[in-house]
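The figures here come from the full heavy-atom set of this structure, side chains too, leaving out hydrogens, waters and symmetry mates.
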Amino acid sequence: MTALTTALGDGGTIAWRNLIKTRRNPDLIGMVVLTPIMFVLLFAYVFGNAIHIPGISYREYMMAGVFTETVAFGASLTGYGLVLDLQKGIIDRFRGLPMAPSAVLVGRTTSDLLAGVVSLAVMSAMGLVVGWRVHSGPAKALLGMLVLLMFTYALSWVMATLALSMRSPEVFSNASTMLIFPLAFVANTFVDSATMPGPLRFFAEWNPVSAVTQAARVCFGNASPNVTQHSHAWALHHPIVASVLWTAALLAVFVPLATRQYQKAVSR
Amino acid sequence: MSDAIVAEGLTKRYGDHTALDELDLTVPEGTVLGLLGPNGAGKTTTVRILTTLVRPDAGRATVAGLDVVADARALRARIGVSGQYAAVDDDLTGAENLEMIGRLYHLGRRRSRTRARELLERFDLTAAADRPLKGYSGGMRRRIDLAGSLVAEPPVLFLDEPTTGLDPRARAALWDTIADLVSGGTTVLLTTQYMEEADRLADRVAVLDHGRVIETGTADELKDRIGGDRIELTAPGPGAVEAACRALAPLASGPVRADGAHVMAPVAEGADSLARALGLLDAAGVAVRDVGLRRPTLDEVFLSLTGHTADAPPNPDDGREPALAAPGRPSGRAGRADREEHAR
């Protein structure tokens, strides 16, 4: 076997193991299935009535935001999974086996990506129930989902790096919330970023979450023509390219960083 | 016969603490070496280096002919490791745990699955095979862990305190399993704090203290080295104790000691000494309750070699902290630990 097929095969085995664990763990199922349902209902029926976006129904506008926000929070699963593994003896077993050293990270990010697919499917179904519709074609809609999944995959590596540096579930939980909250909410996820005051507006317009949300909106045909007219940010006018660039940049930085932190964490 | 494990001058430091200090070790193929030592003596560090988990600061080691640093990846396919902290996944069933390990040894999915079933049967875990490990007892978890180390049928096996924390029944059962394995020709390095375990399973024993091997040999050789056999008896009263001491003095190879109702006389001629002792006691008219010829226990060997007993309180950071100088506590479990030849 070549090094690459070994790495992929071993990563696949670890992903298989992670998915079994997820299936048997009610907390994780809640995070993957129930949280997305709750967010759709929350924004559709609670906040939705208070927010008005000109030119489009809010339920259609907010769905791309709910998608992006949920997959962004979902990426922290990767960090939890890794710190929990590090605290158990199983990591010593893994290290003693002739497997690819990358397998634990590759397997973890892969199984979390599949959890992300499930989350998106659940949310889409919920969205259709509350009145969300795709106004583009199936190919465009698929592209939108792909952009969302690529982004959550890149964020998984960011969370892996964070978790492997913290090494404690409690500390990681605080740190990841502090990182994801501003990213998910100081953005165009649920409101028009053009309505924010100066510095916040700048942050929101260049926030990768905004680019991904806008890309999803464009792909699903849910973008309001009135909204981007207020903004001159390049990222919001070319959201798909911006999302791909953000994803590539995050991967380029955090895959090597996470790998290094993993080696450091396990060779103590 | 060639050596399955060779370590030369292994040294490992953690900050100021020297965990291993130029440790030398050889284990011939197909034999069992018992690595004995108190917590902090360097047992776990030795195992971690030999199983490629930790790099030595100096020295070299080969296992199954492969260098533990240069050939680490290839070596991992040739060894099995089972430790004190069962390296298993609680959310997975017994069968899934073993299948996962097989796949990570690159046996392929189908072979991994059949191998898992074989091992579950061998370790008497078939009934629990499809239950998550969460519901397993401590002994069952150790058995799954041990089974995991055997998935790839490794020629060399490392058992790091395999029965620590188990109840006596589970311990005895695990010993039977290990003894069975060993009879199949596997080379084993076993670390333990239980002298009884080394006595039961090991061909040779190496005593470790402060990161060095301070004595090696068979258990019998070590016992002989610290002073052979002795006659032990219990006498019914102070007068009888004194009379017994006097009666045994001509036979003893050293001073006869009394401790309460207990009398101990070192002797040189094994079983013959016992017959003569009975004659001498009879001739002196001393009535005794219980007479026996005893070998020193490995606990006593350990105490005499290191100045402290081996069964200091468990310490998860074994190998990373200075050795505990536990106050000498003469072998509480020694009576059970040793082969005794009691006269009735």
In terms of side-chain heavy atoms, does [X] have a donor or acceptor partner in [Y] at a distance below 3.5 Å?
{"X": "B:Glu197", "Y": "B:Thr163", "result": "yes"}
{"X": "A:Thr109", "Y": "A:Ser156", "result": "no"}
{"X": "B:Asp160", "Y": "B:Thr191", "result": "yes"}
{"X": "B:Asp3", "Y": "B:Thr26", "result": "no"}

Segment of A:Ile91 engaging chain B (4.5 angstrom heavy-atom cut-off): neither
Heavy-atom contact with chain B under 4.5 Å, split by part of A:Ala100: both
query: Do the non-hydrogen side-chain atoms of B:Thr62 and B:Val68 ever get within less than 4.5 Å of each other?
result: no
- line: CG of A:Leu19 to NZ of A:Lys21, rounded to nearest 0.5 Å, is 12.0 Å
task: With rounding to the nearest 0.5 Å, note down the distance linking OG1 in B:Thr186 to CD1 in B:Ile178.
output: 11.5 Å
- prompt: Could B:Asp21 and B:Lys12 be called an ion pair, given the rule that one side-chain N must be under 4.0 Å from one carboxylate O?
  reply: no
query: If you measure from the Lys or Arg side-chain nitrogens to the Asp or Glu carboxylate oxygens, is any gap between B:Arg103 and A:Asp10 under 4.0 Å?
result: no
statement: Applying side-chain contact (heavy atoms from CB on, under 4.5 Å) to A:Leu245 and not counting sequence neighbours gives A:Trp234, A:Val241
- prompt: For chain A, which of B:Ala152, B:Gly148, B:Ser82 has the most heavy-atom pairs under 4.5 Å?
  reply: B:Gly148
- prompt: Under a 4.5 Å heavy-atom cutoff, which of B:Val88, B:Ile79, B:Thr51, B:Asp90 has the most pairs with chain A?
  reply: B:Val88
- prompt: ring-ring contact (aromatic ring centres under 6.0 Å, His included): which pairs involve residues 69-93 of chain A, sequence neighbours left out?
  reply: A:Phe73-A:Phe181, A:Tyr80-A:Phe172
query: Counting heavy-atom pairs under 4.5 Å to chain B, which of A:Asp85, A:Ile20, A:Asn25 comes out on top?
result: A:Ile20
task: Count the heavy atoms belonging to other residues, nucleotides or ligands that lie under 6.0 Å from CZ of B:Arg78, then report whether that count exceeds 12.
output: no
statement: Those residues of residues 69-76 of chain B that come under 4.5 Å of chain A on a heavy-atom basis, listed by number, are B:Arg73, B:Arg76
query: Which of residues 116-129 of chain B get closer than 4.5 angstrom to chain A, counting heavy atoms alone?
result: none
